[in-house]
Amino acid sequence: MKPFSAAYYVKNNKMRSMIIILMMIMTTFLLLAGNYIESLDWYWNGARKANEDIVMVEAYDLDSLEDYSDVIKDIKEDKELECFERTGYGISGLGWTCTLGFKMGSSSYLFNSKEDLARAFELMGIECDLTDVKNGSIIMGDTHLRNINHKKGDVIEASELTKIEIDDFTIDAVIENTDSFVLYSVYDGGEKLYRANIMSSSLNAEEIRNRISEIAGERKIRIYDNNMKLINEQFDPFKALTLLGSVLLSIIMAVTTNSVITGQYIKRTYEFGVYRALGIQKGRIKRKCCAEILLMDAVAVVIGIALIFISSFILNELYYMPKGQYLPYYSKLGIECFLIANVLVVVPMMLLKGRQMAKADITEF
């Protein structure tokens, strides 16, 4: 191994190099921080799928019930659309506790009959035993149930789901092996069919909305937009603040790490002064400093990411998944936070140290 190589210095100065590596490992912790924030998205995977399969329409107001009835009649005549009329009652979802520890709401879809729900599940590709489903049934995913500490057969008070005074609901079916946090319910509200779930085996949600708009024309009905647009709009500022926080933390880490490395490189001023006296060009000295820092950074990244993956696995298996929660092993936001931190810490360090050591002059000693 050549003395001028980056590996030579790291190998022969293990303790000094380890201190720098430990400082650089801190940048990988922002990957974990980003994963925690992005874990919120995981809980909405089922809602995204449902939003791509189901479009709800309703009467605009009591004065437009005739328009609504006419539009529903025309929708039923469209061979590409399937219409599931339902009561106008609103049934909410059951909130869940996210990985960060606070509670969030969930999506909910109501059907008038077991047969309608079975057909909707068929269109959505959801497999579930609906044998026990009846009027007043709730159908949920197994992960959602673990999260809210419920099981099949539990009774849910109607007041938790709606403001209307109706009988309580029962969890009569469980969707196994799913991370969906969507609540499906069956309730026949009588003749007040002021809403409908529109689905299709050939059209996506946006195409269904466009088709319904064409059918409705000037007639007044309300077509619900994709709920996930609103969810994403709420998440985006949160993620932007996370990125801003990562920049501020990165600046603090850059200053701290740079001060540690400065102390170590000052001790090497004599070494680089000798290199300059031997005629080694400044560019090569700068490249040596950059190579050393990049090598230590690479070691830090490998160790840091390995620790994060192992700790995430242990947390998921022993703590989060038994509670119906999940911590992603990687995420777009986590990678962005890590890259911001790593670049802000490492790049200035390479430029400053390389430039500083290239100025070393043996005549000054």
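Only this structure's heavy atoms are used, side chains among them; waters, hydrogens and symmetry mates stay out. Quantities reported herein were computed from a predicted structural model and do not represent experimental measurements. By convention here, the first residue in the shown sequence is residue 1.
For K73, the NZ atom sits in a loose shell: 12 or fewer heavy atoms of surrounding residues, nucleotides or ligands are nearer than 6.0 Å. Within 6.0 Å of CG in D167 there are 12 or fewer heavy atoms belonging to other residues, nucleotides or ligands. Heavy atoms of other residues, nucleotides or ligands lying less than 6.0 angstrom from CD of E176 number more than 12. Around atom CD of E207, more than 12 heavy atoms belonging to other residues, nucleotides or ligands sit under 6.0 Å away.
Under the 4.5 Å side-chain heavy-atom criterion for Ile, Leu, Val, Met, Phe, Trp and Tyr, I25 and I252 are members of distinct hydrophobic clusters. When hydrophobic clusters are built by joining Ile, Leu, Val, Met, Phe, Trp and Tyr residues whose side-chain heavy atoms come closer than 4.5 Å, directly or via intermediates, Y60 is not grouped with I198. In the hydrophobic clustering of this structure, M199 groups with I139; members are Ile, Leu, Val, Met, Phe, Trp, Tyr whose side-chain heavy atoms approach within less than 4.5 Å, directly or through other members.
A salt bridge links R211 to D78: one of the charged nitrogens lies within less than 4.0 Å of a carboxylate oxygen. Ion pair D41/R48 flagged as a salt bridge, since at least one NZ, NE, NH1 or NH2 atom sits closer than 4.0 Å to an Asp/Glu carboxylate oxygen. Looking at K76 and E85, a side-chain N of the basic residue comes within less than 4.0 Å of a carboxylate O on the acidic one, giving a salt bridge.
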List the steps and the verdict of side chain to side chain contact (heavy atoms under 4.5 Å, CB included) for F181 and N147. CA-CA 9 Å; F181 281 69; N147 189 289; 4.0 Å; yes
Test log, rule side chain to side chain contact (heavy atoms under 4.5 Å, CB included), inputs S250 and L30: CA-CA 9 Å; S250 300; L30 288 178; 3.8 Å; yes
Quick one, V345 with M23, criterion side chain to side chain contact (heavy atoms under 4.5 Å, CB included). Give me CA distance, side-chain angles, the key distance, then yes/no. CA-CA 10 Å; V345 170; M23 298 290 290; over 6 Å; no
As a quick check of understanding, evaluate side chain to side chain contact (heavy atoms under 4.5 Å, CB included) for T27 and V346, giving each step before the final call. CA-CA 10 Å; T27 64; V346 173; 6.0 Å; no
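For the pair R86 and F111, the cation does not sit on the ring face, since its NZ or CZ is not both under 6.0 Å from the ring centre and inside 45° of the axis.
Of all the heavy atoms in C83 and I75, the pair that sits closest is CB-CG2, 4.1 Å. Across all non-hydrogen atoms, the minimal contact from N204 to E206 is OD1-N, 3.1 Å. What you find for L315 and Y36 is that their closest heavy atoms are CD1-OH, 3.7 Å. Considering every non-hydrogen atom in both S312 and P328, the closest pair reads OG-O, 4.4 Å. Among all heavy-atom pairs drawn from L65 and A59, the shortest one is CD2-CB, 3.5 Å. What you find for V182 and H144 is that their closest heavy atoms are N-ND1, 4.3 Å.
In this structure, the separation between CZ on R119 and OG on S201 is 6.5 Å, given to the nearest 0.5 Å. Atom CD1 of residue I37 and atom SG of residue C337 lie 8.5 Å apart, to the nearest 0.5 angstrom. For the atom pair R222 CZ and R195 CZ, the distance stands at 9.0 Å (nearest 0.5 Å). The CG atom of D297 sits 9.5 Å away from the CD1 atom of I293 when rounded to the nearest 0.5 Å. The CE atom of M349 sits 8.5 Å away from the OG1 atom of T262 when rounded to the nearest 0.5 Å. We find the CZ-CE distance between R16 and M296 to be 11.5 Å, quoted to the nearest 0.5 Å.
A ring-centre distance under 6.0 Å is not found for Y320 and W42. Separation of the W96 and Y43 ring centroids falls under the 6.0 Å cut-off.
The closest side-chain donor-acceptor pair between E80 and S202 falls under 3.5 angstrom. A donor atom on one side chain and an acceptor atom on the other are not found under 3.5 Å apart for T143 and D179. Side-chain contact check for T131 and D129: at least one donor-acceptor pair (N or O, by modelled atom type) lies under 3.5 Å.
With hydrogens and angles ignored, the 3.5 Å screen pairs a side-chain donor or acceptor of K114 with a backbone N or O of L130.
With respect to E292, the salt bridge (charged side-chain N to carboxylate O under 4.0 Å, His left out) criterion is satisfied by exactly one of K11, R268, K353: R268. Tested against F121 for a ring-ring contact (aromatic ring centres under 6.0 Å, His included), the candidates Y184, F84, Y109 yield a single pass: Y184.
Using the six-membered ring where Trp is involved, Y187 and F169 have ring planes that are tilted, between 30° and 60° apart.
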